[in-house]
Amino acid sequence: MDKILSSSSQERKPIRCKAAICRKAGEALVIEEIHVYPPQAYEVRIKIICTTLCHTDLAFSKYDSGPLARFPRILGHEAVGVVESTGEHVDTFKQGDVVLPVFHPHCEECRDCKSSKGNWCSRFAEDLTSNTRRYGMASRFKDTMGEDIHHFFFVSSFTEYTVVDIAHLVKISPEIPVDRAVLLSCGVSTGIGAAWKTADIEEGSTVAVFGLGAVGLAVGEGARLRRAAQIIGIDINPDKFALGKKFGFTDFVNPTLCGDKKISEVIKEIARGGVDYSFECVGIASVLSEAFISTRTGTGKTVALGINPAAPAELDSFGLFRGKHVCGSLFGGLKPKLDIPILVDRYLKKELNLDSFITHELQFEDINKAFDLLEKGKSLRCILWMDKK
Ligand code: NAD
Ligand code: ZN
């Protein structure tokens with residue numbers, strides 16, 4: 001950190017540093033030297049301290065066609081960094097601040113940001129395809145041949161330095177260890193937020209969570225904090241069940257061992273008629289249909305968290321007529337600048353279990369090993385350290 005504070009001479013110049021670049025769909029990332037250009041108005045250049053990967057990075061590293069497939073690209077959207085320099089009109093961040101970038105914007109000024117009903121930002125959230133928030137396809141990254149490299153979800157954390165718009169940046173207390181704070185940058189906040197904000201689970205409720213990756217386990221943690229009576233975890237990988245116990249799950253179902261029964265039938269038996277809340281945290285349309293059927297007629301609510309832009313989901317229309325609800329949730333319904341500091345505070349008060357999400361730690365250079373671990377279902381979150389430990 002001292003190194004950054006003393007390096008003001010480099011503030012307005014490009015910084016040469018290392019990045020892991022996704023050059024082609026499905027191929028291993030390549031560590032290359034890149035140039036990171038100075039932040040423009042409303043932007044901040046940050047030095048990444050550590051980053052982790054979420055299933056969304058894995059999915060986007062494989063899309064080979066359509067508007068979401070873009071190469072070369074710097075993936076990564078869960079990170080903690082420290083502000084190296086700021087562009088014009090940035091008065092809420094200064095050099096040396098510890099910050100959390102977040103893929104979901106929060107401008108704090110639009111009608112939706114001012115409403116307490118959700119976390120949509122109508123000024124910015126509609127645009128998922130630009131490189132930089134206020135500058136369209138302009139990129140702050142170039143490779144050594146002078147070619148632009150695409151950004152990813154307005155964060156791009158698989159690099160030693162990145163440039164992020166202030167609408168995507170949250171200042172956090174330096175008291176929280178960075179390897180715990182990084183978890184709050186996407187997946188874990190999404191799961192906890194979905195239980196807390198999107199579903200607003202009441203004490204004594206019954207809950208089913210489909211998919212026990214970091215997102216699903218975090219839904220369990222959120223349900224535990226809301227004092228749910230029964231939290232059922234469903235996963236095809238039984239190794240996830242021991243982890244689930246650490247986050248308050250009470251029952252587990254392995255779909256591959258249900259024989260002729262549908263998962264929804266098994267859940268209805270366990271929860272005596274259906275759960276009050278179900279959460280899809282895999283990204284498979286048929287799993288969302290089962291999650292919906294598993295909820296209680298009249299009042300059940302299903303929250304879709306898994307992302308699969310390609311497949312439309314089928315929902316039981318009689319269930320809808322009979323009062324069941326379904327909704328999707330980006331970033332767990334959290335307003336980043338308001339709600340992340342609350343989660344940090346709850347961690348510092350020892351109420352929130354973040355520690356159990358960290359299953360592996362590696363140096364940034366070994367990022368492809370982290371992809372492999374996530375793909376094989378062996379890791380929840382692997383902390384990637386930028387500087388040698
Ligand atoms: P992960 O890969 O760590 O976890 C997915 C889990 O689902 C694994 O444990 C896997 O074994 C399990 N699974 C696979 N097929 C299954 C099936 N048929 N039935 C039950 N379980 C099954 O992924 P993650 O990082 O926890 O992310 C989960 C999903 O959430 C991804 O689709 C990701 O893109 C999405 N996501 C959404 C948001 C959002 O804002 N909505 C934010 C972050 C991640
Ligand atoms: Zn807004």
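Note that ligands are numbered from 1 as they come in the structure, with each ligand's atoms numbered from 1 the same way. Residue numbers start at 1 and run along the sequence shown. Note that this is a predicted model, so its numbers are computed, not measured.
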What is the closest protein heavy atom to atom 11 (O) of ligand 1, and at what distance does it sit? D235 OD1, 2.7 Å
Closer than 4.0 angstrom, basic N to acidic O: yes or no for R23 and D143? yes
Closest candidate by heavy atom, reference atom 31 (C) of ligand 1, pool L243, N119, N254, V282: V282
Among the heavy atoms of F331, does any lie under 4.0 Å from an atom of ligand 1? yes
So is S329 in contact with ligand 1, going by heavy-atom distances below 4.0 Å? yes
Ignoring hydrogens and angles, state whether a donor on the side chain of S264 or S294 is under 3.5 Å from an acceptor on the partner side chain. no
Under 4.0 Å, heavy-atom basis, I'd like to know which part of L58 is in contact with ligand 1: side chain, backbone, both or neither. neither
Please name all residues satisfying side chain to side chain contact (heavy atoms under 4.5 Å, CB included) with S185, sequence neighbours left out, ordered by chain then number. E78, L100, P101
Could you tell me whether P255 and ligand 1 have an N or O pair separated by under 3.5 Å? no
Sub-4.0 Å atoms of ligand 1 with respect to non-hydrogen atoms of C54: 43 (C), 44 (C)
Going by distance alone, is a donor N or O of one side chain under 3.5 Å from an acceptor N or O of the other, for S278 and T302? yes
Less than 4.0 Å between a side-chain N and a carboxylate O, is that true for R226 and E203? no
To check your reading of the model: name the closest protein heavy atom to atom 28 (C) of ligand 1, its residue, and the distance in Å. C281 O, 3.2 Å
Taking only non-hydrogen atoms of L330 and a 4.0 Å limit, the atoms of ligand 1 in range are 40 (O)
In ligand 1, the atoms that come under 4.0 Å of a heavy atom of T190 are 38 (C), 39 (C), 40 (O), 42 (C)
Carboxylate-amine/guanidinium contact K369 D372, below 4.0 Å: no
How far is atom 33 (C) of ligand 1 from its nearest protein heavy atom, and which residue and atom is that? T56 OG1, 3.5 Å
Would E280 count as a contact residue for ligand 1, given that I'm defining contact as a non-hydrogen atom of the residue lying under 4.0 Å from a ligand atom? no
Counting non-hydrogen protein atoms only, what is the nearest one to atom 2 (O) of ligand 1? Give residue, atom name and distance. H55 ND1, 2.5 Å
Measure the OG1-NZ distance between T159 and K18 for me, rounded to the nearest 0.5 Å. 10.5 Å
Under 4.0 Å to a heavy atom of L212 - the qualifying atoms of ligand 1, by number: 6 (C), 9 (O)
Which ligand 1 atoms are under 4.0 Å away from a heavy-atom of F103? 40 (O)
Tell me: protein heavy atom nearest atom 7 (O) of ligand 1, and distance? G211 CA, 3.5 Å
With heavy-atom distances below 4.0 Å as the criterion, list the atoms of ligand 1 near R381. 25 (O)
Any C186 heavy atom less than 4.0 Å to ligand 1: yes
Any ion pair linking K301 and D276 (charged N to carboxylate O, less than 4.0 Å)? no
Can you tell me if D57 and H77 form a side-chain donor-acceptor pair at under 3.5 Å? yes
Residues R224, E221: salt bridge by 4.0 Å N-O rule: yes
Does a donor on one side chain and an acceptor on the other come within less than 3.5 Å for D355 and Y347? yes
Run the numbers on S122 and D112 for side-chain hydrogen bond (donor to acceptor under 3.5 Å, both in side chains), then give the verdict. CA-CA 6 Å; S122 42; D112 292 281; 2.7 Å; yes
Relative to each other, are the rings of F103 and F331 parallel, tilted or perpendicular (30° and 60° limits)? perpendicular
Polar protein atoms (N, O or S) that approach the Zn ion (ligand 2) to under 2.8 Å: C107 SG, C110 SG, C113 SG, C121 SG
For L374, the ligand 1 atoms with a heavy-atom partner under 4.0 Å come out as 3 (O)
In the protein, what heavy atom is nearest to atom 17 (C) of ligand 1, and what distance, to one decimal place, separates them? I236 CG2, 3.9 Å
When distances are taken from atom 37 (C) of ligand 1, the protein heavy atom at minimum range is L305 O, 2.9 Å
Pair K47 + D387: basic N to acidic O under 4.0 Å: yes
Just jot down the ligand 1 atoms closer than 4.0 angstrom to any heavy atom of K240, in number order. 8 (C), 9 (O)
For atom 3 (O) of ligand 1, find the nearest protein heavy atom and state the residue, atom name and distance (0.1 Å precision). G213 CA, 3.4 Å
For K114, is there an ion pair with E108 - N to carboxylate O distance below 4.0 angstrom? no
Salt bridge or not between R140 and E43? Use side-chain N to carboxylate O under 4.0 Å. yes
May I ask you to say whether E361 pairs ionically with R381, meaning some side-chain N is under 4.0 Å from a carboxylate O? no
